Amino acid sequence: MLDLRPACKVGSNVNWVPDLAEHAGFMREALQEADKAYAKGEVPVGAVVVQDGTIIGRGHNRRELDSDASAHAELIALRVAARQLKDWRLNNATLYVTMEPCPMCAGAIVQFRVGKVVYGTPDPKAGAAGSVVELLREPRFNHQAEVIPGVLEEECREIVRRFFRDIRK
């Protein structure tokens with residue numbers, strides 16, 4: 001597990017709240033996961049799950065490798081985090097993902113009770129955090145997640161563009 005929190009005094013009662021620089025740091029970790037997907041010929045989406053400033057789950061797309069339509073970066077990272085915590089409820093966790101979650105992943109985010117989702121680039125074809133549909137803040141569900149879009153948006157968009165440009169060659 002990687003801890004990107006700033007140093008705090010021992011015994012401090014201060015709750016950890018990430019600032020924009022910390023969001024960017026965790027998104028860079030998600031981009032490293034996206035690079036792994038790219039290297040394997042997968043659509044380059046990466047995700048990390050963070051709780052109390054520590055990464056507790058990582059994942060990148062593996063649909064082609066696993067012949068599994070559900071092998072999205074978010075689902076893999078969420079499963080790892082739940083196993084790490086020995087609890088499927090991730091209320092105090094933040095999911096960092098390089099691309100806006102699709103409806104399947106948004107449903108899983110709701111089911112895992114993820115507290116916050118930070119994503120890089122929007123997905124105008126399948127985004128479920130506001131681009132196409134809004135599932136993460138749907139008031140009729142029993143859980144809603146806070147959403148922070150656009151963190152390192154250009155870097156997250158560029159890796160996807162490069163991937164599709166390369167496969168068209």
Side-chain angles (χ1 to χ4, degrees), residues 1-4 18-51 53-82 90 93-112 114-138 144-169:
M1 292 185 286
L2 179 65
D3 188 343
L4 294 179
D19 63 14
L20 187 56
E22 288 167 303
H23 283 319
F26 289 121
M27 189 60 74
R28 284 188 185 88
E29 293 291 323
L31 278 163
Q32 288 180 11
E33 290 297 316
D35 285 335
K36 292 176 187 177
Y38 191 106
K40 295 173 182 174
E42 297 278 353
V43 175
V45 177
V48 296
V49 179
V50 175
Q51 185 164 297
T54 302
I55 294 175
I56 58 172
R58 294 177 172 273
H60 56 273
N61 276 0
R62 296 185 49 90
R63 291 188 327 169
E64 300 299 329
L65 284 169
D66 295 351
S67 298
D68 181 352
S70 73
H72 286 206
E74 300 95 309
L75 292 176
I76 293 166
L78 291 169
R79 288 175 185 140
V80 170
L90 302 176
T94 299
L95 172 67
Y96 291 85
V97 60
T98 58
M99 183 178 282
E100 180 181 5
C102 72
M104 175 182 65
C105 292
I109 290 164
V110 170
Q111 292 301 312
F112 275 100
V114 175
K116 186 181 300 178
V117 176
V118 178
Y119 72 84
T121 189
D123 184 350
K125 293 183 179 180
S131 290
V132 177
V133 295
E134 176 56 83
L135 296 179
L136 296 179
R137 293 177 286 206
E138 170 55 55
Q144 294 81 41
E146 179 183 348
V147 177
I148 300 173
V151 175
L152 299 184
E153 182 173 351
E154 188 53 41
E155 293 93 327
C156 294
R157 181 183 303 118
E158 183 53 35
I159 191 171
V160 174
R161 280 185 185 156
R162 189 170 21 120
F163 175 80
F164 285 108
R165 194 170 41 236
D166 289 352
I167 64 171
R168 282 190 296 269
K169 289 180 184 179

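Just so it is clear, the model here is predicted, and its values are computed rather than measured.
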- Any chance you could measure Tyr96, atom OH, to Leu31, atom CG, to the nearest 0.5 Å? 13.0 Å
- Partners meeting side-chain contact (heavy atoms from CB on, under 4.5 Å) with Val133 (sequence neighbours left out): Ala128, Leu135
- Query: Measuring from Thr121:OG1 to Arg161:CZ, what's the distance to the nearest 0.5 Å?
  - Reply: 7.5 Å
With a cut-off of 3.5 Å and sequence neighbours excluded, list every side-chain donor-acceptor pair involving residues 147-160.
unit_1, atom_1, unit_2, atom_2, d
Glu153, OE2, Arg157, NH2, 2.4
Glu154, OE1, Arg157, NH1, 2.7
Glu158, OE2, Arg165, NH2, 3.1

- Query: Does any pair with a residue in residues 122-136 pass side-chain hydrogen bond (donor to acceptor under 3.5 Å, both in side chains), and if so which ones, sequence neighbours excluded?
  - Reply: Glu100-Ser131, Glu134-Arg137
- Over all atoms of both residues, closest heavy-atom pair of Val114 and Ala93: CG1-O, 3.7 Å
- Task: Look up atom NZ in Lys116 and atom CD in Glu146, then write down how far apart they are to the nearest 0.5 Å.
- Result: 4.5 Å
- Note on the structure: The reported gap from CG in Leu95 to CG in Leu90 (rounded to nearest 0.5 angstrom) is 9.0 Å
- Query: Would you say the side chain of Leu136 lies within less than 4.5 Å of the side chain of Gln144, judging by non-hydrogen atoms?
  - Reply: no
Check residues 41-49 and write down every donor-acceptor pair under 3.5 Å in which the side-chain atom is one partner and the other belongs to a residue at least two apart or another chain.
unit_1, atom_1, unit_2, atom_2, d
Glu42, OE1, Arg63, N, 3.2
Glu42, OE1, Glu64, N, 3.1
Glu42, OE2, Glu64, N, 2.9
Glu42, OE2, Leu65, N, 2.7

- Message: Strictly by ring pair (Phe, Tyr, Trp, His ring centres under 6.0 Å), give each pair with a member in residues 144-163 just once, sequence neighbours left out.
- Response: Tyr38-Phe163
- If you look at every heavy atom in Ala145 and Val117, which pair is closest and at what distance? CB-CG2, 4.2 Å
- Across all chains, not counting sequence neighbours, the side chain to side chain donor-acceptor pair (under 3.5 Å) partners of Arg62 are Asp66
- Output for pair (Met104 CE, Glu74 CD), nearest 0.5 Å, gives 7.5 Å
- Note on the structure: dist Glu33:CD -> Asn61:CG (nearest 0.5 Å) comes out at 10.5 Å
